[in-house]
Chemist: 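My questions will all concern the structure given below.
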Amino acid sequence: MRRRRHVVVLLAAVLAALWVFGAWRGPLITIGPAQRVQTHNPKMGVHTRLTDEVEEWKIKRTLEMVREMGAPWIVEYFPWAYYEPAKGRFVWNHADMVVDHARAQGLTVIARLGFVPEWARPKDTTALYLDEEGYDDFADYVYAFVEHFRGRVDYIIIWNEPNLRHEWGNRDVDPAGYVELLRRAYQRAKEANPEVKVLAGALAPTLAPEGSPDGMNDLVYLQRMYEAGAAPWFDILAVHAYGWVYPPEDPPNPEVVNFRRTELIREIMVQNGDGDTPIIITEAGWNDHPRWSKAVRPAQRIAYTIAAYEWALQKWDWCPAVVMWAFRFPRPARTYQDYFTFVADDFYPKPIYWEVQRYARTGQP
Amino acid sequence: MPGLASRKARDAARHRRWIAGAALALAALIFLLWAVLAQGGPLSRDRTWERIRSEGVLRVGMDASFPPFEMIAPETNEIYGFDVDLANALAAELGVRVEFLNIGFDSLYDQLLAGRFDAIISALPVDYTWTEDVRYSEPYFQAGLVLVTTRTLASTIQRLEDLVGRRAAVEWGSEGDAFIRRLEREHGQVDVLAMESPAEALEAVRAGEADACLVDAVSAYQAIGKDDALTIVGAPLTEASYAIAVRRNSPVLARQINTALTRLREAGFLDALIRKWMMTQ
């Protein structure tokens with residue numbers, strides 16, 4: 001009996017020691033001193049995907065590597081459903097971690113906002129479904145985000161590729177509907193911070209024919225946005241400018257999706273009296289998967305990526321940033337998507353990372 | 001009391017025998033259930049294999065845009081290539097014929113699982129994250145990165161580390177490029193020639209401008225087929241095994257394919273395919 005009591009006491013002591021040790025362990029990762037990005041090209045950016053990156057050291061390491069590569073801009077996704085799990089209840093911990101580490105690395109964050117929580121949409125709809133009944137809820141989230149990150153995040157993107165059916169909740173796309181969403185979000189954002197820059201779009205570059213069930217041609221959609229009164233409700237237009245198999249220098253052509261299709265977007269803006277509004281390319285890039293029909297050779301991917309950065313620097317004074325998709329995924333996608341990345345999931349830099357870094361340091365394409 | 005003690009002992013022994021017997025019966029029942037119900041168990045049914053046998057047709061999905069494994073002849077729209085020959089040979093071993101379905105690479109697994117065809121034979125790299133849904137055959141080709149040099153230098157260049165202090169050609173931005181950069185960081189300087197393609201990297205070695213190159217195995221075989229002064233040295237540097245994939249619930253088909261592959265391999269057929277599609281003009 002006495003022996004059993006000794007065992008119980010010993011076990012309790014061990015458990016207590018383990019608990020105390022675990023609780024006492026302080027934070028392992030620090031934000032660190034403020035850094036600056038050294039680069040020849042201040043327009044360089046990459047799309048990070050830290051939304052689903054759980055471990056803080058990986059968030060910090062990713063953003064360090066972005067800075068070391070020489071890219072001052074990042075686009076990061078801040079899904080509404082993650083940060084407002086119930087109406088009015090906000091959970092900012094992870095978002096704070098990402099933003100604070102990014103700022104410490106001297107990076108400028110462009111925050112993409114979207115992804116509808118279940119409480120804000122009808123049952124059995126996708127997370128990209130938001131009808132007019134939910135617009136004010138989204139605008140409230142925008143207000144809360146902008147207010148919380150005032151002084152830390154100066155750029156927000158409202159939604160993503162609304163000209164595609166599946167991005168519009170598997171409904172027929174609706175430029176006027178998007179403009180209304182944009183208007184409400186814009187007004188609430190400015191209430192929280194008059195200095196915040198609101199980006200509309202981006203639209204997906206697509207050659208979808210008139211009446212296509214899959215979506216609307218981006219050039220057509222943008223014109224319809226202006227006709228619906230969009231101009232006052234965004235400060236910057238976000239654009240997606242994938243190159244597919246074409247070099248960045250290939251001339252713009254309404255029948256082709258290429259990097260310089262951006263100039264056709266620009267023309268529409270100018271024709272609608274919006275020439276003073278800048279464009280930021282929030283997704284772009286080339287892919288070197290060995291089997292994907294829209295991929296190029298690895299050597300071409302490097303050359304085209306650097307040439308695209310240089311093109312924007314030299315020729316597009318209305319474009320302050322070109323953000324390539326995508327820096328790193330937290331885990332492999334096991335599809336052609338992995339061949340867009342600059343760094344593998346284990347943080348091993350691909351050759352394109354080193355070459356872009358070389359370009360950022362020397363200015364030599 | 002001696003009599004009481006021996007009765008207790010007999011009762012205890014009988015009890016232990018009863019427990020052991022019950023445990024054995026339970027294990028047998030579990031095994032029987034597994035054999036009948038589990039996919040791949042010895043008694044499980046393979047409806048795919050049954051249908052293939054009854055119809056005499058093996059349906060194969062491939063993305064016919066990847067020479068030399070599968071391509072479309074522009075004049076006839078027929079699919080031809082390494083994998084087509086392999087599929088036909090396997091079907092002959094199984095006593096059936098092949099129907100080919102041309103499907104985009106990214107959709108092959110989904111279409112297999114949706115039942116559109118029975119097997120993927122399409123220069124398909126083994127991906128272990130898919131093994132809950134598919135069964136892979138034994139690999140029939142290794143497509144990974146290899147080290148190529150000339151026969152003259154082969155005695156002094158046998159492994160990656162032997163490139164330190166030498167000239168190495170790679171395709172710029174490729175996996176070979178990544179290997180060389182790591183080699184330099186970890187072991188020392190390499191004089192790197194970054195070329196636009198694997199073919200140019202191999203040509204640099206052939207022309208004496210580089211001592212060796214790191215390229216994929218297919219490009220290496222193609223170059224060696226044109227100039228046997230080149231040779232692959234050492235083991236492949238990366239694993240990129242091409243295998244055939246079938247659904248998880250096709251265990252008999254999977255076994256049949258492996259048996260047929262073994263026969264073909266032992267008969268030299270797989271080596272013959274390499275010579276035909278990669279080493280012959």
Side-chain angles (χ1 to χ4, degrees), chain A residues 65 68-69 243-245 247-248 285-309 324 328-359 361-362 364-365, chain B residues 62-67 69-70 102-110 120 122-134 143-145 169-182 184-186 192-201 214-219 238 240 242:
Chain A
M65 292 184 77
E68 290 164 2
M69 193 179 76
W244 299 147
V245 298
W286 284 263
N287 183 294
D288 56 9
H289 187 277
R291 300 293 295 265
W292 193 38
S293 57
K294 292 193 175 87
V296 295
R297 299 294 312 172
Q300 290 172 308
R301 183 182 170 217
I302 292 175
Y304 293 175
T305 301
I306 292 173
Y309 279 140
M324 296 292 176
R328 170 188 170 268
F329 296 135
R331 65 200 62 79
R334 304 280 179 199
T335 67
Y336 68 91
Q337 283 282 350
D338 290 326
Y339 289 74
F340 276 117
T341 57
F342 288 62
V343 173
D345 63 299
D346 62 1
F347 288 100
Y348 194 71
K350 297 181 178 181
I352 190 170
Y353 175 91
W354 299 118
E355 293 298 327
V356 169
Q357 185 187 65
R358 178 193 57 74
Y359 160 72
R361 289 180 179 179
T362 65
Q364 299 301 313
Chain B
M62 58 173 46
D63 176 355
S65 65
F66 194 59
F69 288 90
E70 41 271 332
N102 189 11
I103 306 282
F105 189 77
D106 269 349
S107 300
L108 283 171
Y109 281 109
D110 289 338
I120 301 172
S122 190
L124 188 72
V126 172
D127 183 342
Y128 295 104
T129 61
W130 277 103
T131 50
E132 285 195 15
D133 297 297
V134 306
L145 208 62
V170 294
E171 180 189 12
W172 193 35
S174 69
E175 196 174 28
D177 187 353
F179 263 75
I180 285 291
R181 291 173 193 258
R182 179 175 251 169
E184 284 195 288
R185 279 198 302 279
E186 294 176 0
V192 181
L193 280 73
M195 314 302 281
E196 294 287 311
S197 68
E200 288 188 23
L214 275 73
V215 294
D216 63 283
V218 175
S219 298
T238 60
Y242 290 171

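Just so it is clear: chains get the letters A, B, ... in the order the sequence lines come, proteins before strands, and each one is counted from 1.
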Chemist: Do B:Arg181 side-chain atoms and A:Lys350 backbone N/O form a donor-acceptor pair below 3.5 Å?
Modeler: no

Chemist: With a 4.5 angstrom heavy-atom cut-off, could you sort out which part of B:Asp106 is near chain A: side chain, backbone, both or neither?
Modeler: side chain

Chemist: Under 6.0 Å between the ring centres of B:Phe69 and B:Tyr242?
Modeler: yes

Chemist: May I ask you to name which of B:Arg182, B:Met195, B:Glu196 has the most heavy-atom pairs under 4.5 Å with chain A?
Modeler: B:Arg182

Chemist: So for B:Asp127, is it side chain, backbone, both, or neither that comes closer than 4.5 Å to the heavy atoms of chain A?
Modeler: side chain

Chemist: Looking at A:Phe347, does the NZ or CZ of A:Arg328 lie under 6.0 angstrom from its six-membered ring centre and within 45 degrees of the ring axis?
Modeler: yes

Chemist: Report yes or no: does A:Tyr353 contribute a side-chain atom to a donor-acceptor pair with the main-chain N or O of A:Met65 at less than 3.5 Å?
Modeler: yes

Chemist: Using modelled atom types and a 3.5 Å cut-off, is there a donor and acceptor pairing between side-chain atoms of A:Asp338 and backbone atoms of A:Ala333?
Modeler: yes

Chemist: Can you tell me which portion of B:Ala123 sits under 4.5 Å from chain A's heavy atoms? Options are side chain, backbone, both or neither.
Modeler: both

Chemist: Checking A:Arg301 against chain B: side chain, backbone, both or neither under 4.5 Å from a heavy atom?
Modeler: neither

Chemist: Please rank A:Ser293, A:Ala303, A:Ala299 by heavy-atom pairs under 4.5 Å with chain B and give me the top one.
Modeler: A:Ala299

